2 protein chains.
Amino acid sequence: MNTSTNSNADHRLICTVDVVLLTLRDAQLQVLLIKREREPFAGALALPGGYVHASVDQDCADAARRVLHDKAGLPSPYLEQLASFSGPARDPRGWSVSVAYVALVAAPQAPQPGQHWLPVDELPQLPFDHGRIVANAVDRVRNKSQYSSLPVHLCAEPFTLPQLHGIYEALLGEPINAVSFRRKMDELGMLEPVPGAKLAQGPHRPAQLYRLRDEYRRTLSLAGRGLNA
Amino acid sequence: MNTSTNSNADHRLICTVDVVLLTLRDAQLQVLLIKREREPFAGALALPGGYVHASVDQDCADAARRVLHDKAGLPSPYLEQLASFSGPARDPRGWSVSVAYVALVAAPQAPQPGQHWLPVDELPQLPFDHGRIVANAVDRVRNKSQYSSLPVHLCAEPFTLPQLHGIYEALLGEPINAVSFRRKMDELGMLEPVPGAKLAQGPHRPAQLYRLRDEYRRTLSLAGRGLNA
DNA sequence: ACAATAGTGTCTCTAAGACAATATACG
DNA sequence: CGTATATTGTCTTAGAGACACTATTGT
C-alpha cells in the first residue's frame, strides 16, 4: 500500500453512533436491541447504531436521532451523549470511533419484528463493545437519577407522584422515603399539577396528575444533595 | 465525484482529539493553549490537539496522551474523556469529530515557546469550537470538584490540608468551611499522612503533609453529599 | 361508614457550619 | 513567652427519615 492510502486510512476513520435506548418495563430497566441484518455480526442482537453520514447529519446527535428513527421508529425522546469508544479491535471492519448516546423513553411501544427489549441486568454477550457501552449507560442513568430529574423521561405524562416515586425506586433499587421524595420533587420545581386532573386507581383517594414544566423538557433539574436513597 | 468517493467521504471522517489541560496558577484555573503552526488557523492560540492515528493509537485516550506528550511535553497526568464535538462547520477542513479530553496537572512547568497558560475566565476567541470545549471542560471540573477528590490532581504531592483547602476554594470560587472540609477529606479516605513530614511555613505550627493513597491515583473518590460550599 | 391509597405535620437524627479552645512551630 | 497558623471539640442549624395523622375516593 502506498503512502497516500496509508495516511488516508490513518486520518479518516470509521465513525459510528450507537444508541442505548432505555425504558422501564416490569419495574426493570430494559434496553432496546436490534437483530443485525448485515455483517459484521449479522443475526446477533446489538445496539441500534450506524455510520455517521457527513452528507446528512448536522452532528453526531443528529445521527443518533436518525438511527433512533430508522431502527426504532421513534421520534426524539430524551437524548444525551454518553461517551466515545474507540480502538482497533472493537469493530472487525477496522479502527473505529463510536459516539454513544443514551436515550430514554416512557411508553415502550410493542416491539416491531427484530426489536427486543431486554433487562439490562440479564444481557447476553453483545457484539462489538456494546456490553461495555450498555453498562456505562446504565451506570450513568442510575447515578444521575440520584440527584436529578432524569427519571421523569421514563414516565409517560401526565403522571402521579406515586408513579414517579415507583420509577425512582425501580431505578435505584432501594426504597425512597415518600415524604422526602415529595419535598425533593417540590424543591426541584420542575413539575406542575395538571389543573383538576386526578387519577383514580381504585376505591381510595385519587392522586394528582403532574406534567413537566416546559423549561425542563430539554434540561434536567439538579438537586442540591441527592435523594439520599 | 463518483459514488465510491462519495460514500468514502461519508463514512470515513476526520477524527481528532483535543485536550483541555488545566492547572491552577495564581489561584486561577488556567488552560494551556498552543500557537498553531499549520493551517487552518496558523498562528492562532488553540487547544493542543491532532489527528487520531489508527496506526499508532490504541484508542482516543492514547491519542490524547500522545498529543499531550508531543505538544505540551508532559507525561501522563490525570486524563478524563470530556465529550465529543462534531459537525460540518467546526473545522474548515470538513465534517469532523473531535473527542475532547480534560487533563489536570499540578506543577505548571515554565511554558515552552509557543505554549501559553491563560485564565479560563479571560480567554480570547478561540479557533474551531475550542471556546465551547473549554467552557464545557471548566464546567465539568468545577462541578465535579463539589463532590469528589478531583482537585487533588491540581496539587503537587505531598501537600497539606490547608493547601488543598485553598485549591478547592479557588476552584469553586467561594469559601469552604475548614472544619467540614477536614471532615470530608477524612471520610473520603483517599489521603494518607506522610509519616513525620510536616511543612513549616513560618513562625507557627507546621501542617501535616499528605499524599494520595495509591488506590485513588487513577480513581476518584466521591463524597455522599458534596462539600456544600 | 369502610377500606385503601394520597398527601401533610411534626419529631428525630445526621451532617454541615460557626466558633472557641488547644497545639506547635519560630522568633 | 508571643505570634501565627494548624488542628480539634462542641454547639447550632438545616435537611433527610420515621411515623402518625388527615383527605378523598369507590363500594
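This is a predicted model, so every value here is computed, not measured. The sequence lines fix the lettering, A, B, ..., with proteins before strands; numbering per chain opens at 1.
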Can you measure [X] atom [atom1] to [N] atom [atom2] for me and round it to whole angstrom units?
| X | N | atom1 | atom2 | result |
| --- | --- | --- | --- | --- |
| A:Gln163 | C:dG7 | CD | P | 11 Å |
| B:Leu164 | D:dT7 | CG | C1' | 16 Å |
| A:Ile176 | D:dA16 | CD1 | C1' | 12 Å |
| B:Asp186 | D:dG9 | CG | P | 12 Å |
| B:Arg183 | C:dT14 | CZ | P | 14 Å |
| A:Met185 | C:dT8 | CE | P | 15 Å |
| A:Leu209 | D:dT25 | CG | P | 13 Å |
| A:Glu174 | D:dG17 | CD | P | 10 Å |

Mind checking if A:Gln201 touches a base, just sugar-phosphate, or nothing, with heavy atoms under 4.0 Å? nothing

Note: for B:Tyr210 and B:His204 on DNA chain D, the residue whose nearest nucleotide lies more 5' is B:His204

Of the listed nucleotides (D:dT25, C:dG7, D:dT8), which one gets closest to any side-chain atom of A:Leu161? C:dG7

Kindly point out which of C:dA16, C:dT24, D:dA18 is positioned nearest to the side chain of B:Pro206? C:dT24

Could you pick out which residue, A:Pro162 or B:Gly202, lies toward the 5' side of DNA chain C when each is mapped onto its nearest nucleotide? A:Pro162

Can you find a donor-acceptor pair, distance only, under 3.5 Å between A:Arg205 side chain and D:dG26 base? no

Between A:Asp18 and A:Ser98, do the side chains contain a donor N or O and an acceptor N or O under 3.5 Å apart? yes

Does any donor atom in the side chain of A:Tyr210 or A:Gln208 lie under 3.5 Å from an acceptor atom in the other side chain? no

Quick one: is C:dA16 close enough that its OP1 or OP2 comes under 4.0 Å of any side-chain N or O from B:Asn177? no

Verdict with reasoning, B:Phe41 to B:Phe128, per ring-ring contact (aromatic ring centres under 6.0 Å, His included): CA-CA 9 Å; B:Phe41 304 111; B:Phe128 306 101; 4.9 Å; yes

Contact summary for A:Tyr101 and A:Ala64, nearest pair of heavy atoms: CD1-CB, 3.7 Å

Criterion side-chain contact (heavy atoms from CB on, under 4.5 Å) against A:Val138, the qualifying member of A:Val20, A:Val31, A:Asn143, A:Leu29: A:Leu29

